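A quick write-up on the structure given underneath.
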Amino acid sequence: MERDVAVLVVDDDDSSRELQREVLSAAGFQVRTAAEGPAALAMLAGGSFDAVLLDVRMPTMDGLEMLQRFRATGSQLPVIVLSALGGSDEVVRAMRLGATDYLVKPFQPSELLGALARALGRAPARTKSDAAREGDEHSDDKAFISLSSAMDRVRALIDRIADTDVPVLLLGESGVGKEVIARQVHQRSRRRNKPFLKINCAALPSELLESELFGHEKGAFTGATAEKPGKFELAHQGTIFLDEIGEMAIRLQAKLLQVLQDEEFFRVGGRRSVRVDARVVCATNRDLEQEIEDGNFREDLFYRLNVITISIPPLRERREDIAPLFAHFVKKYQRKYNVPEEPLAAEVTRSLADYDFPGNVRELENLVRRLVVLRDPEGVLRELRAPKARAVNVVAGGQPAFPHQPPAPAASAAELPSSEEVSLKDVGRRAAMLAEREAILAMLAKTAWNKRKAASRLKISYKALLYKIKECGIVDPRQLMSQP
């Protein structure tokens, strides 16, 4: 179907480059690859391509420099930039330099094909394997796994409000399953056969978020080489899920309020209004009333969104859900990774009942994923027992930072692989992560756990800091200190 379409993949990471090649080849595209910018520019100058997938961070010549040099030749070939989760500033610069679209790593095969389809102006290519993968990825979204009375009340409320079409505000800690509940609201409504689109308001800077939500006209800004519909337009007659709504900039909150009130908006750079019929479901783990007092959230928008509120309890308050969720995720990942079904260590399942899961359902799912893939029950048991150590972290100046912060794993020689082969790159990455963890903890201590201030002082984006906190296994001490 796409045999006449040639795509150049430019990425210095071998595994990422080969994954893109496999996905695109399976969809029928002709694929060539390059591991660095100079080689890619030479291939573009001497070959015929229809689109480019370009990683931003590369040695020798980074993606931004390559994009700038490529656009200087006068070529308008579609270029989709690929950015790591913490690289939002780079994405903004890339769009200004003439990138056609962007993807945030890691991304799903369907997202890659969809972005390429938009760049080429055609329907996204799909394969049977894509459909199967998407079915697996969203099987949790269609299943309401719960035995607790607390979640029974949530289910009953969803049934009552599903067809009312009023906005829904989902409250709860990070990882409790707010997206699952949002999809339940959609699946049980009369909009179930229409689109369900999600956007994370914390994942993009406001300039890109506005374009992502409301679309833009051709020429609206540098790099806007074609008109692009936003998520609201694409969700017409369906549901749009705005995750982490508390992170949205005040300026965009005003535009969202207009959509809720008038069901119309203007694209970025647009002169005509666009009418849309989309149900809005929002989620946050912030106290929006406190955000209003602090001047970070519009009071009129809060009352617009706060028509129906569903509070989702943390996993530690519905422990009877741990066992069925654990069994569900075990089956899911055994099937996904083609791991034969086998009994898991009984001690692991017993330890689950004594663990408070500060990361909630998301933490439980990630724990099961590691357990299934690595088949290392002892490692999981160490993780489940670690928070009980109540270790003290000391920051610069000798002051205890977070008395209940789980300790960072020690980078000792005893933890190196027992074989004679050791990857120096892996050792270096681990040492760098430990150093970053200590620096982040120190700054969070100085800013009283104000992550926005900490990000500013660390000279990284807020989104990048959130990613690093998760990657380094840093737990908000206020969550741990509230535990019995």
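Computation of the quantities below employed the complete heavy-atom set of this structure, encompassing side-chain atoms and omitting hydrogens, waters and symmetry-equivalent molecules. Here the structure is a predicted model, which is why all the values come from computation and not from measurement.
A donor-acceptor contact shorter than 3.5 Å links the side chain of S25 to the backbone of R21. Judged purely by atom type and a 3.5 angstrom limit, R298 has no side-chain atom pairing as donor or acceptor with the backbone of Q253. Under the 3.5 Å distance criterion, the side-chain polar atoms of D62 are matched with a main-chain donor or acceptor of L64. Listed for the T73 side chain is a donor-acceptor partner under 3.5 Å among the backbone atoms of F70. Under the 3.5 Å distance criterion, the side-chain polar atoms of D101 are left unmatched by any main-chain donor or acceptor of I80. No side-chain donor-acceptor contact under 3.5 Å links R437 to the backbone of L441. Distance alone, capped at 3.5 Å, is enough to place a donor-acceptor pair between the D50 side chain and the A6 backbone. The backbone N or O of P195 lies less than 3.5 Å from no partner atom in the side chain of H236, so there is not a single donor-acceptor pair.
The shortest distance between side-chain heavy atoms of L112 and L103 falls below 4.5 Å. Side-chain contact between V361 and V176: absent, with no pair of heavy atoms (C-beta onward) separated by less than 4.5 Å. A 4.5 Å side-chain heavy-atom check between V10 and L53 finds every atom pair outside the cut-off. You'll find the side chain of R17 stays beyond 4.5 Å of the side chain of D55, heavy atoms only. Using a 4.5 Å heavy-atom threshold, the side chains of V368 and V372 count as touching. Taking the side chain as every heavy atom from C-beta outward, S456 and L458 never approach each other to under 4.5 Å. In this structure, F265 and E233 have side chains that are in contact, with non-hydrogen atoms separated by less than 4.5 Å. Residues R369 and F329 fail the side-chain proximity criterion, which asks for heavy atoms closer than 4.5 Å.
Closest approach of A278 and I240 over heavy atoms only: CB-CG2, 4.5 Å. Smallest separation of non-hydrogen atoms from K194 and H186: O-NE2, 3.1 Å. Here the shortest heavy-atom pairing between L465 and A454 reads CD2-CB, 4.0 Å. Shown here for C201 and M248, the closest heavy-atom pair between the two residues is SG-CE, 3.8 Å. Of all the heavy atoms in S273 and F266, the pair that sits closest is N-CE2, 3.5 Å. Nearest heavy atom pair, residue A94 against residue V81, reads CB-CG1, 3.8 Å.
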Worksheet item: Which is it for K451 and W449 under the side chain to side chain contact (heavy atoms under 4.5 Å, CB included) test, yes or no, and what are the steps along the way?
Response: CA-CA 6 Å; K451 287 178 272 191; W449 203 259; 4.2 Å; yes
Item to complete: Report the C-alpha separation of R362 and E365 in whole Å, then their side-chain angles, then the decisive distance to 0.1 Å, and conclude whether the salt bridge (charged side-chain N to carboxylate O under 4.0 Å, His left out) test is met.
Response: CA-CA 5 Å; R362 183 183 298 124; E365 180 174 7; over 6 Å; no
Practice prompt. List the steps, then state whether side chain to side chain contact (heavy atoms under 4.5 Å, CB included) holds for V56 with Y102.
Written response: CA-CA 10 Å; V56 173; Y102 64 92; over 6 Å; no
Item to complete: Applying side chain to side chain contact (heavy atoms under 4.5 Å, CB included), run through M66 and L44 and close with a yes or a no.
Response: CA-CA 11 Å; M66 178 191 153; L44 288 166; 3.8 Å; yes
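To the nearest 0.5 Å, the span separating NZ on K453 from CZ on R457 amounts to 6.5 Å. Here the straight-line distance linking atom CG of D11 with atom CZ of R57 works out to 13.0 Å at 0.5 Å rounding. Distance check, rounded to the nearest 0.5 Å: OG1 of T60 to CD of E36 gives 5.0 Å. Interatomic distance, E291 CD to I250 CD1, rounded to the nearest 0.5 Å: 9.5 Å. Residue H216 holds its NE2 atom at 10.0 Å from CG of L208, rounded to the nearest 0.5 Å. Taking CG from D12 and CE from M58, the interatomic distance works out to 6.5 Å, rounded to the nearest 0.5 Å.
Within a 6.0 Å sphere centred on CZ of R271, heavy atoms belonging to other residues, nucleotides or ligands number 12 at most. Within 6.0 Å of the CD atom in Q68, the count of heavy atoms belonging to other residues, nucleotides or ligands does not exceed 12. Within 6.0 Å of NZ in K255 there are more than 12 heavy atoms belonging to other residues, nucleotides or ligands.
Under the 3.5 Å distance criterion, with hydrogens and angles disregarded, no donor-acceptor pair is assigned to the side chains of Y462 and R452. Side-chain contact check for E173 and N285: no donor-acceptor pair (N or O, by modelled atom type) lies under 3.5 Å.
Ring planes of Y355 and F357: perpendicular class, angle over 60° (limits at 30 and 60°). The aromatic rings of F214 and F232 lie parallel to each other, with less than 30° between the two planes, well short of the 60° mark.
Salt bridge status for E244 with R286: absent, with no side-chain N to carboxylate O gap under 4.0 Å.
Among V5, V7, L77, the single residue meeting the side chain to side chain contact (heavy atoms under 4.5 Å, CB included) criterion with F49 is L77. Screening L256, N200, L197, L209 for a side chain to side chain contact (heavy atoms under 4.5 Å, CB included) involving L242 leaves a single residue, L256.
Applying the salt bridge (Lys or Arg N to Asp or Glu O under 4.0 Å) test to E212 and every residue at least two apart in sequence or in another chain returns K228, K231.
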